[in-house]
Each structure stands twice: as structure tokens, then as C-alpha cells.
Amino acid sequence: MPPGDYARIYAAVRRIPRGRVATYGQIALLADLPGHARQVGYALNALEHERVPWHRVVNAQGRISLRAVSGAEFEQRRRLEAEGVEFDAAGRLSLARFQWRPRA
DNA sequence: AGCCTGACTCGGA
DNA sequence: CTCCGAGCCAGGC
């Protein structure tokens with residue numbers, strides 16, 4: 001996978017406004033990498049100190065994807081709630097309400 | 001090459 | 001609604 005791909009993925013994630021979320025597949029599309037939803041996850045997993053709002057990326061079911069190393073999920077939810085995103089009792093957010101829909 | 005794994009997704013049971 | 005199963009693609013062995 002070309003090194004530049006990660007940069008495009010990060011650029012797409014950076015476009016997500018505060019208080020909104022995007023799905024992995026959606027980011028893949030915006031980065032011109034249709035079908036690479038999993039790679040988006042890898043790219044986010046590889047983040048170190050880059051300034052990228054990784055917490056605004058959730059899966060297609062409006063849930064926070066679990067990592068191999070548990071713990072970061074709580075941090076993600078905490079950050080989203082700090083931006084006004086609400087979760088239901090089942091730990092899921094409403095994509096209908098919070099998903100970012102960039103125009104054309 | 002083959003096999004396994006993973007911050008994914010969609011559709012069917 | 002939840003649980004698979006299959007498809008998906010990149011990476012590491």
C-alpha cells in the first residue's frame with residue numbers, strides 16, 4: 001500500500017467536523033480507496049502523534065469498534081461525548097443524527 | 001503461493 | 001434486534 005494512502009486517509013478524517021462522525025467505509029471512499037474500510041482502521045491504529053480526530057470514526061452500525069488492546073474505546077466515547085455526541089444504553093450512537101454528510 | 005489476522009461491511013437466518 | 005458467513009484488502013510469516 002503506497003505510503004501516500006495513509007496521508008489521504010488522515011486528510012479525510014481531518015475533514016470531519018466536531019460533534020459529527022464518519023464510518024470507516026465512508027472515509028475510505030473520501031480517500032479514494034473504495035472497499036478499503038479495514039485499511040482505514042489500520043491507518044488509525046498506526047497513529048502516533050499526528051493531529052487527527054480519530055475518535056470521530058465509528059463502524060457502520062454506529063458503534064465504537066473494539067481494539068485488540070482494550071481501553072481506547074472508552075477514551076473514544078469520552079471524547080465524542082465531550083463534543084456532544086450521545087450514546088444510547090447499548091453504547092450506540094445514532095448515525096441518522098450524528099453522521100457527517102459532506103456535500104458533493 | 002498458502003494461511004492467518006484485523007479499529008470493516010453487507011446480507012441472510 | 002443479534003449472530004454468523006462470506007467478501008473484502010493489506011501485511012506478516
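Labels below follow one simple rule: chain letters A, B, ... track the order of the sequence lines, proteins then strands, and each chain is numbered from 1. A quick note: this is a predicted structure, and the numbers were derived from the prediction, not measured.
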Worksheet entry | side-chain contact (heavy atoms from CB on, under 4.5 Å) between R56(A) and W100(A), intermediate numbers included | CA-CA 9 Å; R56(A) 299 185 187 137; W100(A) 172 50; over 6 Å; no
Practice prompt. Determine, step by step, whether R77(A) and E81(A) satisfy the salt bridge (Lys or Arg N to Asp or Glu O under 4.0 Å) criterion, reporting the C-alpha distance in whole Å, the side-chain angles of both residues, the deciding distance to 0.1 Å, and the verdict.
Written response: CA-CA 6 Å; R77(A) 174 166 174 166; E81(A) 293 184 313; 3.2 Å; yes
Discussion item. Roughly how many Å apart are dA1(B) and dC13(C), using the C1' atom of each and rounding to a whole number?
Written reply: 12 Å
Worksheet item: Between dC3(C) atom P and L66(A) atom CG, what is the distance in whole Å?
Response: 13 Å
Worksheet item: Would you say dT5(B) has OP1 or OP2 under 4.0 Å from some side-chain N or O of R67(A)?
Response: no
Practice prompt. Would you check if the side chain of Y24(A) reaches a backbone N or O of H36(A) as a donor-acceptor pair within less than 3.5 Å?
Written response: no
Worksheet item: Which atoms form the tightest heavy-atom contact between N59(A) and I64(A), and what is the distance?
Response: ND2-C, 4.4 Å
Discussion item. Measure CZ/R8(A) against P/dA10(C) and give the value in whole Å, please.
Written reply: 12 Å
Item to complete: Taking only the side-chain heavy atoms of W54(A) (C-beta and beyond), determine which of dG11(C), dA7(B), dC8(C) contains the nearest atom.
Response: dA7(B)
Worksheet item: Could you give the CG-to-C1' distance, from L33(A) to dC8(C), as a whole number of Å?
Response: 14 Å
Discussion item. With rounding to the nearest 0.5 angstrom, report the CG to CD distance, L80(A) to E75(A).
Written reply: 10.0 Å
Practice prompt. Nearest whole angstrom, please: distance from the P of dG12(C) to the CD of Q39(A).
Written response: 12 Å
Discussion item. Please pick, from dA7(B), dG11(C), dC9(C), the nucleotide with the shortest atom-to-atom distance to any side-chain atom of R38(A).
Written reply: dC9(C)
Fill in: Atom-to-atom span, CG of N45(A) to P of dG11(C) - whole angstrom
13 Å
Table of protein N/O atoms under 3.5 Å from nucleotides 9-13 of chain B N/O atoms:
from   : atom 1 : to     : atom 2 : distance (Å)
dT9(B) : OP1    : Y24(A) : N      : 3.3
dT9(B) : OP1    : G25(A) : N      : 3.1
dT9(B) : OP2    : A60(A) : N      : 2.8

Worksheet entry | Atom-to-atom span, CD1 of I9(A) to P of dA10(C) - whole angstrom | 11 Å
Practice prompt. Describe the nucleic acid contact of R63(A) in one word from base, sugar-phosphate, nothing, applying a heavy-atom distance below 4.0 Å.
Written response: nothing
Fill in: Nucleotide dA7(B), atom C1' - distance to CD of E48(A) in whole Å
15 Å
Fill in: Worked check of side-chain contact (heavy atoms from CB on, under 4.5 Å) between I9(A) and I27(A)
CA-CA 7 Å; I9(A) 289 173; I27(A) 291 302; 4.0 Å; yes
Worksheet, complete the sentence: From CE of M1(A) across to C1' of dG11(C) the rounded distance in Å is 11 Å
Practice prompt. Look at all strands and tell whether I64(A) reaches a base, only sugar-phosphate, or nothing, counting heavy atoms closer than 4.0 Å.
Written response: nothing
Worksheet item: Distance-only, no hydrogens or angles: does the Q99(A) side chain make a donor-acceptor pair with backbone N or O of V21(A) under 3.5 Å?
Response: no
Discussion item. I want to check one thing: is the phosphate of dC8(B), taken as OP1 and OP2, less than 4.0 Å away from some side-chain N or O of H36(A)?
Written reply: no
